[in-house]
Amino acid sequence: MKKCLVCDHDYEPFMSFGQMPIANGFLSKENFNIEYFFEMEVAFCNNCKMFQLVNIPEREKMFNENYAFFSGTSKNMAMHFEKFSSHVLTDYIGDKKDPFIVEIGSNDGIMLQNFAKKGIRHLGIEPSENVAMVAREKGINTIVEFFDKTLAEKIVAENGQADAFIAANVMCHIPYIKSIVEGIKYLVKPDGIVMFEDPYLGNVIQQTTYDQIYDEHTFLYSLHSIKYLFNLFDLELIDIEPQETHGGSMRYVIAHKGVKEISINVSRHLELEKELGLDRPETYEQFKLNCENSKKSLLKIINGIRKEGKRIVGYAATSKSTTIMNFCGITKEHLDYICDTTPIKQNKFSPGAHIPVKPHEEFQKDYPEYALLFGYNHSKEIMDKEQAFIKQGGKWITYTPKIEII
Ligand code: SAH
Ligand code: TMP
Ligand code: ZN
């Protein structure tokens with residue numbers, strides 16, 4: 001029996017995706033034999049309703065000076081965070097004097113640059129040194145540390161409390177989440193606001209997007225589990241805003257208990273989650289079957305194309321694609337290579353499956369017949385850019401929202 005990371009109750013994992021490498025652990029040939037793998041099992045805690053990974057690699061294995069994910073690679077995400085920051089300022093900061101904004105997982109400064117430009121007092125907390133340095137070069141105040149309760153105390157001692165605590169795609173990364181929420185409770189002013197967003201469990205269950213599950217995603221949150229978690233520290237969920245980013249995310253707005261009005265959106269969406277069955281173990285048994293069926297259908301399409309002798313290239317070496325390739329058993333036999341715009345990933349090999357990662361220019365030089373769209377969460381941006389590939393007859397293989405060739 002294992003214990004829930006949030007409420008300590010016993011649980012049984014409902015599924016294993018098998019041996020998985022570090023999702024962002026792009027590597028060179030010399031390191032193939034020392035690559036780290038863990039068994040990627042998942043569990044649903046029926047007490048606190050938290051969906052979680054059972055085995056979690058050490059944080060330094062994932063977040064370090066070689067972190068491969070630079071937020072700024074997507075223009076759409078830059079626009080998204082510009083809107084996020086305006087929303088914080090307009091709706092929650094207003095005319096407060098000298099506001100102080102803290103962001104964790106601030107990466108290369110994609111969000112905080114919007115506050116820095118306006119001369120607003122801000123602090124980014126980013127443990128992966130290489131991405132943090134990019135932010136610092138842009139003039140964004142950043143400390144290279146992991147956030148937790150102890151760091152929150154240090155920040156308050158040096159800067160005072162924060163008016164807003166913000167985060168995107170990082171709260172779900174942190175197994176010691178209770179120390180984070182305790183830190184937030186300490187850090188945020190009595191009338192301050194907490195706003196963060198993460199991939200949403202509801203989308204994963206509805207669309208069988210199991211590729212949201214990988215080493216960094218310790219949790220997939222729902223309103224049910226977030227409500228439980230923050231309630232442990234006298235914080236409450238006051239609003240939610242569904243987002244289209246990363247294949248379906250949820251933005252949570254949280255305040256100190258009893259201070260702010262609770263939007264009707266919260267109770268409405270909790271009801272929706274019950275209709276979806278997010279609060280019940282049977283839903284996850286069905287999810288397991290859906291994942292296995294999805295794997296079979298994708299392999300059928302890919303194997304069919306390969307039998308005809310046609311070429312397939314993976315498009316964008318996303319973290320999510322590591323789960324797809326390793327769970328489905330996609331190898332060099334299936335994909336010639338994966339093209340990606342991130343220099344740190346190029347000329348390395350994909351985690352686990354060891355498929356070469358090449359610059360995007362390779363793709364443009366010699367189009368394959370098919371491209372497997374790993375970067376589906378950026379599909380609009382990619383389709384706009386790849387009109388020439390499409391016009392000369394290139395086809396996309398997609399696996400979300402549907403497994404099909406388009
Ligand atoms: N917010 C950005 C980056 C998300 S990636 C975006 O949405 O695009 C997650 C980031 O969180 C990584 O840069 C990682 O180094 C950082 N991170 C991981 N654990 C953390 C912790 N305990 N405190 C602060 N940042 C953390
Ligand atoms: P993400 O899905 O984790 O955000 O990662 C996006 C990856 O996709 C990143 O490695 C960059 C890559 N990418 C491309 O190669 N081409 C593109 O047009 C876009 C938008 C992203
Ligand atoms: Zn629990």
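Whatever order the structure lists ligands and atoms in, that order sets their numbers, starting from 1. If you're wondering where the values come from, they're calculated on a predicted model, not measured in any experiment.
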**Asked** Which of the listed options, Asn169, Asp340, Thr245, Thr318, holds the heavy atom that is closest to atom 9 (C) of ligand 2?
**Response** Asp340
**Asked** Less than 4.5 Å apart, any side-chain heavy atom of Trp396 and any of Ile405?
**Response** no
**Item:** pair Thr283-Leu276: side-chain heavy atoms closer than 4.5 Å
**Value:** no
**Prompt:** Does even one non-hydrogen atom of Glu381 get within less than 4.0 Å of ligand 2?
**Reply:** yes
**Request:** For ligand 1, note which part of Asp148 has a heavy atom under 4.0 Å away: side chain, backbone, both or neither.
**Result:** neither
**Message:** Within the 4.5 Å heavy-atom criterion, are Leu237 and Asn231 side-chain neighbours or not?
**Reply:** no
**Request:** State, with a plain yes or no, whether a side-chain heavy atom of His217 is found less than 4.5 Å away from one of Leu53.
**Result:** no
**Asked** Heavy-atom distance under 4.5 Å between the side chains of Phe70 and Ile344, does that happen here?
**Response** yes
**Request:** Answer side chain, backbone, both or neither: which part of Phe63 comes under 4.0 Å from ligand 1, heavy atoms only.
**Result:** side chain
**Request:** Could you check if a side-chain atom of Met77 sits within less than 4.5 angstrom of a side-chain atom of Ile110, using non-hydrogen atoms only?
**Result:** yes
**Asked** Is His378 close to ligand 2, meaning an N/O of one under 3.5 Å from an N/O of the other?
**Response** yes
**Item:** Protein heavy-atom partner closest to atom 14 (C) of ligand 2 - residue, atom, separation in Å
**Value:** Thr341 OG1, 3.3 Å
**Asked** Does some side-chain heavy atom of Phe51 sit less than 4.5 Å from a side-chain heavy atom of Ile213?
**Response** yes
**Asked** At what distance is the nearest protein heavy atom to atom 2 (O) of ligand 2, and which residue and atom is it?
**Response** Asn377 ND2, 3.0 Å
**Request:** Report yes or no: does Cys45 have an N/O/S atom closer than 2.8 Å to the Zn ion (ligand 3)?
**Result:** yes
**Prompt:** Per the side chain to side chain contact (heavy atoms under 4.5 Å, CB included) rule, which among Val313, Ile302, Ile397 passes with Tyr370?
**Reply:** Ile397
**Asked** Which protein heavy atom lies closest to atom 8 (O) of ligand 2, and at what distance to 0.1 Å?
**Response** Ala316 CB, 3.4 Å
**Request:** State the atoms of ligand 1, each with its element, that fall below the 4.0 Å cut-off from a heavy-atom position in Ile125.
**Result:** 24 (C), 25 (N)
**Atoms in ligand 2 flagged as close to Lys320, the criterion being non-hydrogen separation under 4.0 Å** = 2 (O)
**Fill in**
Heavy-atom proximity to atom 3 (O) of ligand 2, picking from Ser319, Ser71, Ala68, Pro359, points to Ser319
**Item:** ligand 1 contacted by Met77 (non-hydrogen, < 4.0 Å)
**Value:** no
**Heteroatom distance test (His246, ligand 2): nitrogen or oxygen, under 3.5 angstrom** = no
**Prompt:** Would one find an N or O of Lys385, backbone or side chain, under 3.5 Å from an N or O of ligand 2?
**Reply:** yes
**Message:** Taking 4.0 angstrom as the limit and counting only heavy atoms of Phe69, give me the atoms of ligand 1 inside it, by number and element.
**Reply:** 5 (S), 8 (O)
**Asked** What part of Phe84 sits under 4.0 Å from ligand 1 if we count only heavy atoms: the side chain, the backbone, both or neither?
**Response** neither
**Request:** Report the distance from atom CG of Asn290 to atom OH of Tyr284, rounding to the nearest 0.5 Å.
**Result:** 12.5 Å
**Item:** 4.5 Å side-chain heavy-atom contact, Lys185 and Lys149
**Value:** no
**Asked** Applying the side chain to side chain donor-acceptor pair (under 3.5 Å) test to Ser16, which of Lys288, Glu39, Glu41 qualifies?
**Response** Glu39
